[in-house]
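Beneath this line is the structure, given in structure tokens, with notes to follow.
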Amino acid sequence: MITDPFADMLTRLRNANLALHQYVEMPSSGMRREIARILEQEGYIEGFKVDKGEVHDTLVVTLKYGANRERVISGLKRVSKPGRRIYARKDRPHKVLGGMGVAILSTSSGVVTGRQAQEAGVGGEVLCYVW
């Protein structure tokens, strides 16, 4: 049983990226699909798809690498954890590596990046940093 499914997703992505795998499979959920959509939108992964299964759906994320197999994702960090929630106010956005990375937030208007949250004028729970 997984106590933190989102941290499990980040760990699977981190491990597959370090091992230079082409893709990684994991159980699918709405939150995981939204995170994958943001990672694709920001250019950190090539794409993702949901394979329908008999019991549960599987999310397949295709990782992205540079011309000489250099990693596009340098790091992933879970910020808000089940034991300690971290929130970002609308007037104080989270910056990752001085703007070189992306903060992913869960807001009342859905899962968005830190920039999108700032433009919309909303705050929320800081899920993770990607750089």
### Query
Do Ser29 and Phe6 have side-chain heavy atoms sitting under 4.5 Å apart?
no
### Query
Are any non-hydrogen side-chain atoms of Ile104 and Val112 less than 4.5 angstrom apart?
no
#### Entry: Rounded distance (nearest 0.5 Å) linking atom OG1 of Thr62 with atom CZ of Phe48
10.5 Å
### Query
Which heavy atom in Leu59 sits nearest to a heavy atom in Arg33, and how many Å separate them?
CD1-CG, 4.3 Å
#### Entry: Point-to-point distance, once rounded to the nearest 0.5 Å, from CD1 of Ile86 to CG of Leu105
11.5 Å
### Query
Under a 4.0 Å N-O cut-off, is there an ion pair linking Glu40 with Arg37?
no
### Query
Taking the side chain from Arg71 and the backbone from Asn17, do they hold a donor-acceptor pair closer than 3.5 Å?
yes
### Message
How long is the straight-line distance from CE of Met9 back to OG of Ser28, given to the nearest 0.5 Å?
### Response
9.0 Å
### Task
Would you check if Lys77 and Trp131 make a side-chain contact, meaning some heavy-atom pair closer than 4.5 Å?
yes
### Task
Would you mind reporting whether Ile73 and Ile45 have side-chain heavy atoms less than 4.5 Å apart?
yes
### Query
Under the 3.5 angstrom rule, does the side chain of Arg12 hit a backbone N or O of Glu25 as a donor-acceptor pair?
yes
### Task
Among Val126, Thr11, Leu10, find the one that has a side-chain contact (heavy atoms from CB on, under 4.5 Å) with Arg78.
Leu10
### Query
Would you say Val61 and Met26 make side-chain contact, with heavy atoms under 4.5 Å?
yes
### Task
Salt-bridge test for Lys64 and Glu70: reply yes if a basic N is under 4.0 Å from a carboxylate O, no otherwise.
no
### Query
Under a 4.5 Å cut-off applied to non-hydrogen side-chain atoms, are Val111 and Ile38 in contact?
yes
### Query
Same cluster for Val79 and Val96 if Ile/Leu/Val/Met/Phe/Trp/Tyr side chains link at under 4.5 Å?
yes
### Closest non-hydrogen atom pair, Asp4 against Pro82
OD2-CD, 3.5 Å
## Note on the structure
Output for pair (Thr113 OG1, Leu127 CG), nearest 0.5 Å, gives 12.0 Å
### Message
Distance check, rounded to the nearest 0.5 Å: Arg89 atom CZ versus Gln118 atom CD?
### Response
13.5 Å
### Query
Honestly curious: do Tyr23 and Tyr44 fall in one hydrophobic cluster under the side-chain, below-4.5 Å linking rule?
no
### Query
Taking everything shown except Arg84 itself, do over 12 heavy atoms lie less than 6.0 Å from its CZ?
no
### Task
Working to the nearest 0.5 Å, report the span between SG of Cys128 and NZ of Lys81.
12.5 Å
### Task
Please check if the side chain of Tyr65 supplies one atom and the backbone of His21 the other of a donor-acceptor pair under 3.5 Å.
yes
### Query
How close do Gly121 and Lys90 get, heavy atom to heavy atom, and via which atoms?
O-CD, 3.4 Å
### Task
Using atom types as modelled and distance alone, determine if a side-chain donor or acceptor of Glu42 lies under 3.5 Å from a backbone N or O of Leu39.
no
### Task
Apply salt bridge (Lys or Arg N to Asp or Glu O under 4.0 Å) to the pair Arg32 and Asp57, showing each step before the final yes or no.
CA-CA 12 Å; Arg32 289 179 177 185; Asp57 298 341; over 6 Å; no
### Message
On a heavy-atom basis, which atom in Val72 and which in Gly43 lie closest, and how many Å separate them?
### Response
CG1-O, 3.5 Å
#### Entry: Trace of the side-chain hydrogen bond (donor to acceptor under 3.5 Å, both in side chains) decision for Ser80 with Glu125
CA-CA 7 Å; Ser80 184; Glu125 182 181 354; 2.7 Å; yes
### Message
Please say yes or no: joined through hydrophobic side-chain contacts below 4.5 Å, possibly via intermediate residues, are Tyr87 and Tyr129 part of one cluster?
### Response
no
#### Entry: Validation row: Gln22, Leu63 side chains within 4.5 angstrom (heavy atoms)
no
